[in-house]
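Just so it is clear, the values below take in all heavy atoms, side chains as well, and ignore hydrogens, waters and symmetry mates.
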Amino acid sequence: SGRLIKMGSYSAYHKYVLLEQLAKQPSLEGDHLEGVDLSEGRFRRLGFSHTECLNTSFKQADLSDADVRNSTFKGAILRSANLSEASVERSHFLGSDMIELKAPRSVFYKTRFEGSSVIKADFSFSRILQCRFLNTDFHSVDFSRSVWVHSTIADNHLGNASLIRSRFVGATFTDVSLAKANFAGADLSEALFIHVDLGQVNFKEAKLTGGAFYDKIARILPADVNVIINKDSWRVPEIFRLIQNKGNIEDREMYHTFN
């Protein structure tokens, strides 16, 4: 605890000793790592608490099920690292390389991502709670079935988020600011938006259809609550009746496709 580890006095032997220590006691508490190479290390259930990682490499490291709290990763390399099923709370990723990061089924709470590259990463089935993504480049990221609550992906002062060709299939956004975000070519099919700021969002060539009437109503209701909908309470526009008659389409498919 409280160690200062720098690349200047760091050798392959020191790396071996540190890896052995972390294998026996997987905890970095109050440590300051600067220029340290921990690539390809196996750190399952590693605990980070008030740790500073400056220009530290976790390339291809196994950080699955890690517990990260109040820590800073500045210029860190997490390329191809495994952060699956991790818990990341009140931490800061600044100017970090998160290309091809694997973080499915993880929880991110009150965490800031700023000036980082998140490309071809996997955040599927994750929960993004009260997080901020500022001036961060998202490209071809998989956010399928993820849940976003009280998070900000872009704002008017610190730049626009790029979510080009990323996947948000079945994702849920609640009280999230997406102002000026770029979803060009993104897959947002079956996504659910509740109290979301969509000001000046680019949805060019994005996929937004699918499953709204049946799937989304079921998803927003508690398990012990049912719903009764009177289909005669609104008038169906004639264009949809024309499409249904000409295409010989069943009612359920009409509701599934055209919401």
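With sequence neighbours excluded, the residues forming a salt bridge (charged side-chain N to carboxylate O under 4.0 Å, His left out) with Arg167 are Asp142, listed by chain and number. For Asp97, the salt bridge (charged side-chain N to carboxylate O under 4.0 Å, His left out) partners two or more places apart in sequence, or in a different chain, are Arg79. With sequence neighbours excluded, the residues that form a salt bridge (charged side-chain N to carboxylate O under 4.0 Å, His left out) with Asp65 are Arg45.
Screening residues 236-251 for side-chain hydrogen bond (donor to acceptor under 3.5 Å, both in side chains) gives Gln244-Asp251 as the qualifying pairs, with residues at least two apart or on separate chains.
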(message) What verdict does the side-chain contact (heavy atoms from CB on, under 4.5 Å) test give for Phe123 and Leu101, after you've listed the backbone C-alpha separation in whole Å, the side-chain angles of each residue and the deciding distance to 0.1 Å?
(response) CA-CA 8 Å; Phe123 287 86; Leu101 173 69; 4.1 Å; yes

(message) The test is side-chain contact (heavy atoms from CB on, under 4.5 Å); show your working for Asp122 and Phe143 and say whether it passes.
(response) CA-CA 7 Å; Asp122 181 4; Phe143 286 110; over 6 Å; no

(message) If you apply the rule side-chain hydrogen bond (donor to acceptor under 3.5 Å, both in side chains), what do you find for Glu52 with His32, and how did you get there?
(response) CA-CA 5 Å; Glu52 294 184 1; His32 179 92; 2.9 Å; yes

(message) Please determine whether side-chain contact (heavy atoms from CB on, under 4.5 Å) holds for the pair Arg44 and Ser64, giving the CA-CA distance in whole Å, both sets of side-chain angles, and the decisive distance to 0.1 Å.
(response) CA-CA 5 Å; Arg44 290 199 72 236; Ser64 57; 3.0 Å; yes

(request) Test Asp67 against Phe48 for side-chain contact (heavy atoms from CB on, under 4.5 Å), laying out the working first. (result) CA-CA 6 Å; Asp67 186 9; Phe48 292 81; over 6 Å; no

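By the criterion of side-chain heavy atoms lying less than 4.5 angstrom apart, applied directly or through intervening Ile, Leu, Val, Met, Phe, Trp or Tyr residues, Val36 is grouped together with Leu83 in one hydrophobic cluster.
Residues Ala76 and Cys53 share a closest heavy-atom pair of CB-O, 4.4 Å. Ala103 and Ser126 get closest at one heavy-atom pair: O-OG, 2.9 Å. Ser84 and Ser106 get closest at one heavy-atom pair: C-OG, 3.6 Å. Thr56 approaches Leu38 most closely through the heavy-atom pair CG2-CD1, 4.5 Å. Residues Ala86 and Leu63 come closest through the heavy atom pair CB-O, 4.4 Å. A pairwise comparison of heavy atoms in Ser116 and Leu94 identifies OG-C, 4.0 Å as the closest pair.
Note that the NE2 atom of His92 and the CZ atom of Arg112 stand 5.0 Å from one another [nearest 0.5 Å]. Atom CD of Glu40 sits about 12.0 Å away from atom CG of Asp62, to the nearest 0.5 Å. Between atom OG1 of residue Thr51 and atom CG of residue Leu33 there is a gap of 7.5 Å, rounded to the nearest 0.5 Å. Between atom CZ of residue Arg127 and atom CZ of residue Phe108 there is a gap of 11.5 Å, rounded to the nearest 0.5 Å. With values rounded to the nearest 0.5 angstrom, Ile128 atom CD1 is found 14.5 Å from His150 atom NE2.
The backbone N or O of Asp37 sits nowhere less than 3.5 Å from a side-chain atom of Ser39 that would complete a donor-acceptor pair. The backbone N or O of Ser124 lies less than 3.5 Å from no partner atom in the side chain of Ser144, so there is not a single donor-acceptor pair. Looking at Ser140, its side chain never comes within 3.5 Å of a backbone N or O of Lys120 through a donor-acceptor pair. A distance-only check finds no donor-acceptor pair linking the side chain of Ser80 to the backbone of Gln60 [under 3.5 Å]. Looking at Thr136, its side chain does come within 3.5 Å of a backbone N or O of Leu134 through a donor-acceptor pair. Of the possible polar contacts, one joining the Ser96 side chain to the Phe73 backbone as a donor-acceptor pair under 3.5 Å is found.
Applying the 4.5 Å side-chain rule to ILVMFWY residues, one finds Val107, Tyr109, Leu129, Val147 in the same cluster as Val149. Within the hydrophobic cluster formed by Ile, Leu, Val, Met, Phe, Trp and Tyr side chains joined at under 4.5 Å, directly or through other members, Ile99 is accompanied by Ile119.
In this pair, Phe133 and Phe113 present their aromatic rings parallel. The plane angle is below 30°, not in the 30 to 60° band.
Atom NZ of Lys59 is surrounded by 12 or fewer heavy atoms from other residues, nucleotides or ligands within 6.0 Å.
Between Arg69 and Glu89, at least one side-chain N (NZ, or NE/NH1/NH2) sits under 4.0 Å from a carboxylate O, which counts as a salt bridge.
Geometrically, Arg105 engages Phe125 in a cation-pi contact defined by less than 6.0 Å to the ring centre and at most 45° from the axis.
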